Amino acid sequence: MSQTNDQISDTKAFEVLNGWVQAIRGNNHVQFIQFRTNGSIFQIVAEREKLGEETFKMIKSLPQETSLTVKGHWEENAKAPFGRELHMSEFQVVGVSSDYPITPKEHGPDFLHNHRHLWLRSKRQLAILKIRSELSFAIREYFHQANYTLIDTPILTGSVGESAGTLFSTEYFDLGNAYLAQTGQLYLETAAFSHSKVYCFGPTFRAEKSKTRRHLTEFWMVEAETAFFSNEDNITLQDDFVRKIISVVVHRCSTELKMLERDPLPLLAQVANPFPQIEYTDAIQLLKDKGEGIEWGEDISAERENILTTHFQSAVFVKNYPRSIKAFYMKQNPSDPRTVLCADLLAPEGVGEIIGGSEREESYDKIVERLQEENLPVESYNWYLDLRKYGSVPHSGFGMGQERILAWICGLSHVRECIPYPRMIYRLHP
């Protein structure tokens, strides 16, 4: 909030603010304007005695979302946002507003999403997107300080990264189909053989016909790849990364979290120490002991992920899933060939998996075998297989969905609030 502090640092000098009327209330002597500028909402005090009858009457009739230029001076008030308020000396209407559709009354989610372009102005959405901005910066800041190189991986690709059944495809000139990237990982791995420590951060796409509160068809993902790195090294990095960025964001966004009525103390307590870890096999047994009808080899559903996080009262790493339910590039576990060296970080409060990571298979023959098992065209991955021919090394990586970790930080029940314009199977507009 540095800009806010700069704006209100001098209580004696006159200040000019440009912004919008968020709301207005008062009586025949004084009006209090909730005034939005630079993504923050300040209180402006308009007094009839100082402004005169005619000006005061105009202020009382200002419609919601009218844009203004306001001149005044700051005075301290512990009850006002940020502890100070601007006492108006004059104002000018910049843009009129009438019949603004989002009123203080309750609106349903469909109505609000149909008016998402206006809903972004609400207090709640202002707070969420400010926190998202800080989260994005904290992610980049962490990797910069850890000497990782940013690699911008392509969004249009000819290769499948995860599952061929969840691809968005488009015709690509005379070269056949191209796909919107499900992940930047494969390309990121090539850069790890150049720079050793690399990451990418950008939009990814999954044509997954899911209507759950945890899924979007377009979301932002940060991915990291590290050469000469084991799965255990990778888990240690993920643990440190998540705990540090959450701590940084919570401390930088106390005002916004308060606006969301999100108590930061329980979250800070959870990230104070490393997250617990459990083997997939042990997690299945734990679920069975709790009465779940699940067998070894099955994936763990969202409901069962919540059982695990509730059990540990924390986010938890589940390690070494069955090979049959994981991606082709994951390294087979030497201690149990049925499994791969991987880990998912499950967040509590129904958020679920926020990170998927693994040690990558460095064997050329085993990668080819897995591609064939998945019925993927080996020739489309020749460039990727070259990594296993020319100086292959152990390496590991992970991907984290920004919207899910944001939902955890903010205490939100649905990821559709975690991105400015959510894309879901039933929504493409606005």
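The analysis underlying the following values was restricted to heavy atoms, covering all of them including side chains, and did not include hydrogens, waters or symmetry mates. Owing to the predicted nature of the structure, the values given are computational and were not obtained by experimental measurement.
- Using a distance-only test at 3.5 Å, with no hydrogens or angles considered, no donor-acceptor pair links the side chain of Asn306 to the main chain of Glu303.
- Summarising the local packing, CZ of Phe228 is surrounded by 12 or fewer heavy atoms from other residues, nucleotides or ligands at distances under 6.0 Å.
- Outside the 6.0 Å centre-distance limit, the rings of Phe168 and Tyr179 are not counted as a close aromatic pair.
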From CA spacing to verdict: side chain to side chain contact (heavy atoms under 4.5 Å, CB included), Asn320, Asp336: CA-CA 9 Å; Asn320 304 338; Asp336 183 356; over 6 Å; no

Test log, rule salt bridge (charged side-chain N to carboxylate O under 4.0 Å, His left out), inputs Arg252 and Glu141: CA-CA 14 Å; Arg252 290 176 180 171; Glu141 187 178 42; 3.0 Å; yes

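- Nearest heavy-atom pair across Lys123 and Ile41 is CG-CD1, 3.3 Å.
- Contact detail for Leu341 and Pro334: the closest heavy-atom pair is CD1-CD, 4.1 Å.
- Using a 4.5 Å heavy-atom cutoff, the side chains of Arg132 and Pro420 are in contact.
- Under 4.0 Å is where a charged nitrogen must lie from a carboxylate oxygen, and between Arg416 and Glu403 no such pair does.
- Taking 4.0 Å as the cut-off between side-chain N and carboxylate O, Glu75 and Arg84 do not count as a salt-bridged pair.
- Taking 4.5 Å as the limit, every side-chain heavy atom of Pro264 sits out of range of all side-chain heavy atoms of His251.
- Taking each heavy atom of Ala315 and Ala347 in turn, the nearest pair found is CB-CA, 4.2 Å.
- Formation of a donor-acceptor pair under 3.5 Å by the Asp233 side chain with backbone atoms of Ser230 is found in this model.
- In His144, the NE2 atom is not crowded: 12 or fewer heavy atoms of neighbouring residues, nucleotides or ligands sit closer than 6.0 Å.
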Stepwise side chain to side chain contact (heavy atoms under 4.5 Å, CB included) check, Leu385 with Val368: CA-CA 8 Å; Leu385 289 166; Val368 170; 4.0 Å; yes

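- Judged purely by atom type and a 3.5 angstrom limit, Arg262 uses its side chain to pair as donor or acceptor with the backbone of Ile409.
- Take Thr103 and apply the side-chain hydrogen bond (donor to acceptor under 3.5 Å, both in side chains) test, not counting sequence neighbours, and it matches His107.
- In this structure, Leu17 and Glu15 approach most closely via the heavy-atom pair CD2-CG, 4.0 Å.
- Glu361 places no side-chain N or O within donor-acceptor distance of the main-chain N or O of Tyr329, the cut-off being under 3.5 Å.
- Two rings, from Phe201 and Trp220, have their centers less than 6.0 Å apart.
- Counting heavy atoms from C-beta outward, Pro422 and Phe219 have side chains that stay 4.5 Å or more apart.
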Verdict with reasoning, Val198 to Leu150, per side chain to side chain contact (heavy atoms under 4.5 Å, CB included): CA-CA 6 Å; Val198 294; Leu150 174 65; over 6 Å; no

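- Between Phe328 and Tyr381, the ring-plane angle classifies as perpendicular under the 30° and 60° cut-offs.
- Of all heavy-atom pairs between His117 and Pro430, the closest is ND1-CG, 4.0 Å.
- When every heavy atom of Cys418 is checked against every heavy atom of Leu412, the shortest pair comes out as SG-CD1, 3.6 Å.
- Electrostatic pairing of Arg214 and Glu353 does not count as a salt bridge here, judged by no charged N lying under 4.0 Å from a carboxylate O.
- Side chains of Thr183 and Glu223: a donor-acceptor N/O pair is present below 3.5 angstrom, by distance only.
- Side chains of Thr339 and Arg323 form no contact here, defined as non-hydrogen atoms less than 4.5 Å apart.
- A search for side-chain contact (heavy atoms from CB on, under 4.5 Å) contacts involving Pro322 returns Tyr280, Trp296, Ser324, Ile325, not counting sequence neighbours.
- Residues Val21 and Gln34 form no side-chain contact, since every pair of their non-hydrogen atoms from C-beta on lies 4.5 Å or further apart.
- Without hydrogens or angle criteria, His215 side chain to Lys211 main chain gives no donor-acceptor distance under 3.5 Å.
- By the side-chain contact (heavy atoms from CB on, under 4.5 Å) test, Gln270 pairs with Ser314, Pro348, Trp408, sequence neighbours left out.
- Taking OG1 from Thr217 and CZ from Arg423, the interatomic distance works out to 8.0 Å, rounded to the nearest 0.5 Å.
- Other residues, nucleotides and ligands contribute at most 12 non-hydrogen atoms within 6.0 Å of the CG atom of Asp99.
- Within a 6.0 Å sphere centred on NZ of Lys197, heavy atoms belonging to other residues, nucleotides or ligands number more than 12.
- By the 4.0 Å N-to-carboxylate-O rule, Glu359 lies too far from Lys319 to be salt-bridged with it.
- Applying the side-chain hydrogen bond (donor to acceptor under 3.5 Å, both in side chains) test between Thr166 and each of Arg206, Glu208, Gln182, Lys209 identifies Gln182 as the sole match.
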Chi angles and distances behind the ring pair (Phe, Tyr, Trp, His ring centres under 6.0 Å) call for Trp119, Tyr421: CA-CA 11 Å; Trp119 189 25; Tyr421 289 95; over 10 Å; no

Thr157/Tyr187 under side-chain hydrogen bond (donor to acceptor under 3.5 Å, both in side chains): CA gap, chis, key distance, verdict: CA-CA 10 Å; Thr157 176; Tyr187 295 96; 2.7 Å; yes

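- For Glu134 (side chain) and Ile131 (main-chain N/O), no donor-acceptor pair under 3.5 Å exists by modelled atom type.
- Of the possible polar contacts, none joining the Ser169 side chain to the Asn177 backbone as a donor-acceptor pair under 3.5 Å is found.
- Side chains of Arg427 and Asn114: a donor on one and an acceptor on the other come within 3.5 Å.
- With a 4.5 Å cut-off on side-chain heavy atoms, Phe275 and Leu345 count as touching.
- Remark: the backbone N or O of Leu118 is paired with a side-chain donor or acceptor of Tyr100 at under 3.5 angstrom.
- Screening Phe398, Tyr148, Tyr142, Phe143 against Tyr199 for a ring pair (Phe, Tyr, Trp, His ring centres under 6.0 Å) leaves a single residue, Phe143.
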Trace of the salt bridge (charged side-chain N to carboxylate O under 4.0 Å, His left out) decision for Arg370 with Glu373: CA-CA 5 Å; Arg370 286 292 285 131; Glu373 287 177 3; 2.8 Å; yes

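- The shortest side-chain heavy-atom distance between Glu417 and Cys410 does not fall under the 4.5 Å cut-off.
- Remark: Arg388 qualifies as a cation-pi partner of Tyr384 under the 6.0 Å distance and 45° angle criteria applied to the six-membered ring.
- Using modelled atom types, no side-chain atom of Arg25 and backbone atom of Phe32 make a donor-acceptor pair closer than 3.5 Å.
- Using modelled atom types, one side-chain atom of Asn333 and one backbone atom of Ser335 make a donor-acceptor pair closer than 3.5 Å.
- Within the 4.5 Å cutoff, the side chain of Glu225 has heavy atoms near those of the Gln185 side chain.
- A centroid separation of 6.0 Å or more is found between the aromatic rings of Trp74 and Phe82.
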Pair Lys326-Asp299, salt bridge (charged side-chain N to carboxylate O under 4.0 Å, His left out): steps then yes or no: CA-CA 9 Å; Lys326 287 297 181 180; Asp299 207 352; 5.5 Å; no

